[in-house]
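Everything below concerns the one structure shown next.
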Amino acid sequence: MPAARGRVAVPPAGAAMARLLALLSPWLEPLFPTDLARRGVTPDHRLSPGRDPGLEARLAAAIHAFGSRAVIPFAAEQGGHEVTIENTQPPSLLIGRPLVRDLGDGAVRFALARALCLTDLGWALVGKFAAPDVGVLCELACRFAGAAPPPMGFPPQRAGAFLDALGRNVPAPVRAQAAALAADAAAELVRLSPRDLQLAVRRTASRQALLWTGDPLGALEALGAARRRAGGPDPLADRRRALADPDLRDLATFALSDLFLDLRREEAAAP
């Protein structure tokens, strides 16, 4: 699965800048702390062992398949029909009880897997920040790695504190990996649209999750449910309108591609 994940990346999510952000995410995230209380989530919502064995088993299976970063799962009504990520330490997954209650098994497995893939890709910050701030994050990552990126708005008066914090906490082997990506990432940043990076990361995570579940209908059900709004129409009721959504269209196109079928066959044949 790890090798296959890279093969389904949507550009620029598989390029140097995105890889550098993903690599440094565990140390970038603590620089911008968040509080679950603002979402109405408390320790009582934590998915503790034995509390929901079915949900625990599905999450454990996805974590095992992807070798994902450590996460803290919470399950609450506030999550709605999706799984969202908060950059606590380690990152928190807020699993919506309506998602588990209302959707089929394939949709739930896809939503969990997609959230784990997003976490590994650095979505806790890349998805939380507005596009200009993602540019600042990219500049920070490049500068820490040793490159001279184009200015993206990183405040000079705050640079020292952020770089010092990273210098104290990022292990030497990770710093070496970051340095190997730095020049290419900085060169890419000259023409990179932070908004395009956000879209690519989101779609890449959906493809990776579908590659594991192998259930296109469940995947589309999960993405459609995440777009539901109280009192609004079912986002999947009108197929033409649904496929006008870029994320849904990308996932449907990928599900029909030779690449998806080939990778699924390879996974099935693997020992």
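Everything numeric here is computed off the predicted structure, so don't read it as measured data.
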Report yes if some heavy atom in the side chain of [X] is under 4.5 Å from a heavy atom in the side chain of [Y]; otherwise report no.
| X | Y | value |
| --- | --- | --- |
| Arg39 | Thr84 | yes |
| Asp247 | Ser206 | no |
| Phe74 | Ile95 | no |
| Leu166 | Leu140 | yes |
| Leu121 | Gln208 | yes |
| Ser193 | Leu199 | no |
| Met152 | Pro194 | yes |
| Cys142 | Met17 | yes |

| task | May I ask you to establish whether Arg168 and Trp27 are in a cation-pi arrangement, using a distance under 6.0 Å from NZ or CZ to the six-membered ring centre and at most 45° from the ring axis? | result |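 Judged by the rule, Arg168 and Trp27 form no cation-pi pair.
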
If only atom types and distance count, is the side chain of [X] paired as donor or acceptor with the main-chain N or O of [Y] below 3.5 Å?
| X | Y | result |
| --- | --- | --- |
| Glu188 | Ala16 | yes |
| Gln198 | Phe129 | yes |
| Arg195 | Ala130 | no |
| Thr253 | Arg249 | yes |

| query | Under the criterion salt bridge (Lys or Arg N to Asp or Glu O under 4.0 Å), which of Arg227, Arg202, Arg203 is the partner of Asp245? | reply |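 When salt bridge (Lys or Arg N to Asp or Glu O under 4.0 Å) is applied between Asp245 and each of Arg227, Arg202, Arg203, only Arg227 qualifies.
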
| Who are the salt bridge (Lys or Arg N to Asp or Glu O under 4.0 Å) partners of Asp262, not counting sequence neighbours? |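 So Asp262 forms a salt bridge (Lys or Arg N to Asp or Glu O under 4.0 Å) with Arg265.
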
Measure across [X] and [Y] and return the closest heavy-atom pair with its distance rounded to 0.1 Å.
| X | Y | result |
| --- | --- | --- |
| Cys138 | Leu197 | SG-CD2, 4.1 Å |
| Ala4 | Leu211 | CB-CD2, 3.6 Å |
| Pro11 | Ala200 | O-CB, 3.6 Å |
| His81 | Pro98 | CD2-O, 3.6 Å |

| request: Before giving the answer on side-chain contact (heavy atoms from CB on, under 4.5 Å), spell out for Leu59 and Leu116 the whole-Å C-alpha distance, their side-chain angles and the decisive distance to 0.1 Å. | output: CA-CA 9 Å; Leu59 180 59; Leu116 292 172; 4.2 Å; yes

| Can the ring centres of Phe162 and Phe144 be said to be less than 6.0 Å apart? |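 Centroid distance Phe162-Phe144: not below 6.0 Å, so no.
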
| With a 3.5 Å cut-off and no angle check, do the side chains of Thr213 and Arg109 form a donor-acceptor pair? |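 Result is no, nothing qualifies.
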
| request: Before giving the answer on side-chain hydrogen bond (donor to acceptor under 3.5 Å, both in side chains), spell out for Thr119 and Arg69 the whole-Å C-alpha distance, their side-chain angles and the decisive distance to 0.1 Å. | output: CA-CA 7 Å; Thr119 303; Arg69 292 175 57 189; over 6 Å; no

| query | Salt-bridged, Glu77 to Arg101, with N to O below 4.0 Å? | reply |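 Yes, charged N to carboxylate O under 4.0 Å.
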
| Hey, are Arg191 and Asp196 close enough for a salt bridge, meaning a charged N less than 4.0 Å from a carboxylate O? |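 No, no charged N to carboxylate O under 4.0 Å.
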
| More than 12 heavy atoms of other groups within 6.0 Å of Arg38 CZ |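 Atom CZ in Arg38 is packed in, count exceeds 12.
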
| Pairs touching residues 128-149 that satisfy salt bridge (charged side-chain N to carboxylate O under 4.0 Å, His left out), sequence neighbours left out |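 As it turns out, the salt bridge (charged side-chain N to carboxylate O under 4.0 Å, His left out) pairs with a partner in residues 128-149, which skip direct neighbours, are Glu139-Arg143.
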
| Worked verdict on Arg51 versus Asp44 for salt bridge (Lys or Arg N to Asp or Glu O under 4.0 Å) | CA-CA 11 Å; Arg51 186 170 184 175; Asp44 290 340; over 6 Å; no

